[in-house]
Amino acid sequence: MEYLKNIGVDKQQMGIKIHDLPNYIEHPVWDSRTEQWLIIKSVVYERDTAKVYATDGSCREVPVGMEDTWLWRTEGQ
(Lines give C-alpha, C1' and ligand atoms only; values in the text may rest on other atoms or scores of the structure.)
Protein backbone atom coordinates (compact mmCIF):
# COMPACT_ATOMS: atom_id res chain seq x y z
CA MET A 1 0.00 0.00 0.00
CA GLU A 2 2.81 2.38 0.85
CA TYR A 3 4.34 1.72 -2.57
CA LEU A 4 1.15 2.84 -4.28
CA LYS A 5 1.14 6.11 -2.31
CA ASN A 6 4.78 6.71 -3.22
CA ILE A 7 4.10 6.43 -6.95
CA GLY A 8 1.12 8.76 -6.70
CA VAL A 9 -1.73 6.30 -7.28
CA ASP A 10 -5.11 7.58 -6.12
CA LYS A 11 -6.76 4.64 -4.41
CA GLN A 12 -10.21 6.27 -4.59
CA GLN A 13 -10.34 5.64 -8.36
CA MET A 14 -8.53 2.35 -8.65
CA GLY A 15 -11.06 -0.46 -8.23
CA ILE A 16 -11.50 -2.29 -11.52
CA LYS A 17 -15.14 -2.63 -12.53
CA ILE A 18 -16.17 -6.27 -12.75
CA HIS A 19 -17.21 -5.96 -16.40
CA ASP A 20 -13.82 -4.36 -17.25
CA LEU A 21 -11.70 -7.25 -15.95
CA PRO A 22 -11.01 -8.71 -19.43
CA ASN A 23 -9.44 -5.37 -20.42
CA TYR A 24 -6.68 -6.05 -17.87
CA ILE A 25 -5.58 -9.45 -19.18
CA GLU A 26 -1.77 -9.46 -19.40
CA HIS A 27 -1.55 -6.28 -17.32
CA PRO A 28 -0.23 -5.99 -13.77
CA VAL A 29 -2.88 -5.17 -11.17
CA TRP A 30 -2.70 -4.76 -7.40
CA ASP A 31 -4.65 -7.21 -5.25
CA SER A 32 -5.60 -5.09 -2.25
CA ARG A 33 -6.65 -8.17 -0.23
CA THR A 34 -3.29 -9.94 -0.43
CA GLU A 35 -1.25 -6.77 -1.05
CA GLN A 36 0.50 -8.36 -4.02
CA TRP A 37 0.91 -7.57 -7.68
CA LEU A 38 -0.45 -10.09 -10.15
CA ILE A 39 -0.84 -10.37 -13.89
CA ILE A 40 -4.27 -11.46 -15.06
CA LYS A 41 -4.12 -14.47 -17.37
CA SER A 42 -7.84 -14.94 -17.99
CA VAL A 43 -11.30 -14.11 -16.67
CA VAL A 44 -14.18 -16.57 -16.67
CA TYR A 45 -17.68 -15.32 -15.88
CA GLU A 46 -20.04 -17.80 -14.28
CA ARG A 47 -23.54 -17.31 -12.97
CA ASP A 48 -22.59 -15.89 -9.56
CA THR A 49 -18.86 -15.26 -9.81
CA ALA A 50 -16.12 -14.03 -12.05
CA LYS A 51 -13.00 -16.14 -11.72
CA VAL A 52 -9.80 -14.19 -12.26
CA TYR A 53 -6.86 -16.43 -13.07
CA ALA A 54 -3.35 -15.05 -12.64
CA THR A 55 -0.11 -16.05 -14.35
CA ASP A 56 1.20 -17.41 -11.02
CA GLY A 57 -1.52 -20.10 -11.07
CA SER A 58 -3.73 -18.46 -8.45
CA CYS A 59 -7.43 -17.76 -8.84
CA ARG A 60 -9.55 -15.05 -7.27
CA GLU A 61 -13.34 -15.25 -7.23
CA VAL A 62 -15.32 -12.04 -7.37
CA PRO A 63 -19.11 -11.98 -6.84
CA VAL A 64 -20.74 -10.86 -10.10
CA GLY A 65 -23.02 -8.48 -8.18
CA MET A 66 -20.11 -6.30 -7.11
CA GLU A 67 -19.64 -3.13 -9.09
CA ASP A 68 -15.96 -2.62 -8.20
CA THR A 69 -13.44 -5.32 -7.40
CA TRP A 70 -10.60 -5.25 -4.88
CA LEU A 71 -8.23 -5.56 -7.82
CA TRP A 72 -6.76 -2.15 -8.48
CA ARG A 73 -5.23 -0.62 -11.54
CA THR A 74 -2.57 2.02 -11.76
CA GLU A 75 -3.17 5.28 -13.57
CA GLY A 76 -2.24 5.03 -17.22
CA GLN A 77 -3.35 1.40 -17.62
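Scope of the values below: all heavy atoms of this structure, side chains included, with no hydrogens, waters or symmetry mates.
- Counting heavy atoms from C-beta on, the side chains of P22 and Y24 never come closer than 4.5 Å.
- Closest approach of A50 and I18 over heavy atoms only: CB-CD1, 4.0 Å.
- Cluster partners of Y53 are V44, counting Ile, Leu, Val, Met, Phe, Trp and Tyr whose side-chain heavy atoms approach within less than 4.5 Å, directly or via other members.
- With values rounded to the nearest 0.5 angstrom, I40 atom CD1 is found 9.0 Å from R60 atom CZ.
- A search for side-chain contact (heavy atoms from CB on, under 4.5 Å) contacts involving R33 returns D31, W70, not counting sequence neighbours.
- Applying the side-chain contact (heavy atoms from CB on, under 4.5 Å) criterion to D56, with sequence neighbours excluded, gives A54, S58.
- Note: the hydrophobic cluster containing V52 also contains I25 (ILVMFWY, side chain heavy atoms under 4.5 Å, direct or indirect links).
- Residues V62 and T49 are not in side-chain contact: their nearest non-hydrogen atoms beyond the backbone lie 4.5 Å or more apart.
- No path of Ile, Leu, Val, Met, Phe, Trp and Tyr side chains, each step under 4.5 Å between heavy atoms, connects I39 with V43, placing them in separate hydrophobic clusters.
- For K17, the side-chain contact (heavy atoms from CB on, under 4.5 Å) partners at least two apart in sequence or on another chain are H19, D20, E67, D68.
- Residues L71 and L38 meet the side-chain proximity criterion, which asks for heavy atoms closer than 4.5 Å.
- Here salt bridge (charged side-chain N to carboxylate O under 4.0 Å, His left out) pairs that include residues 41-50, with residues two or more places apart or in two chains, are E46-K51.
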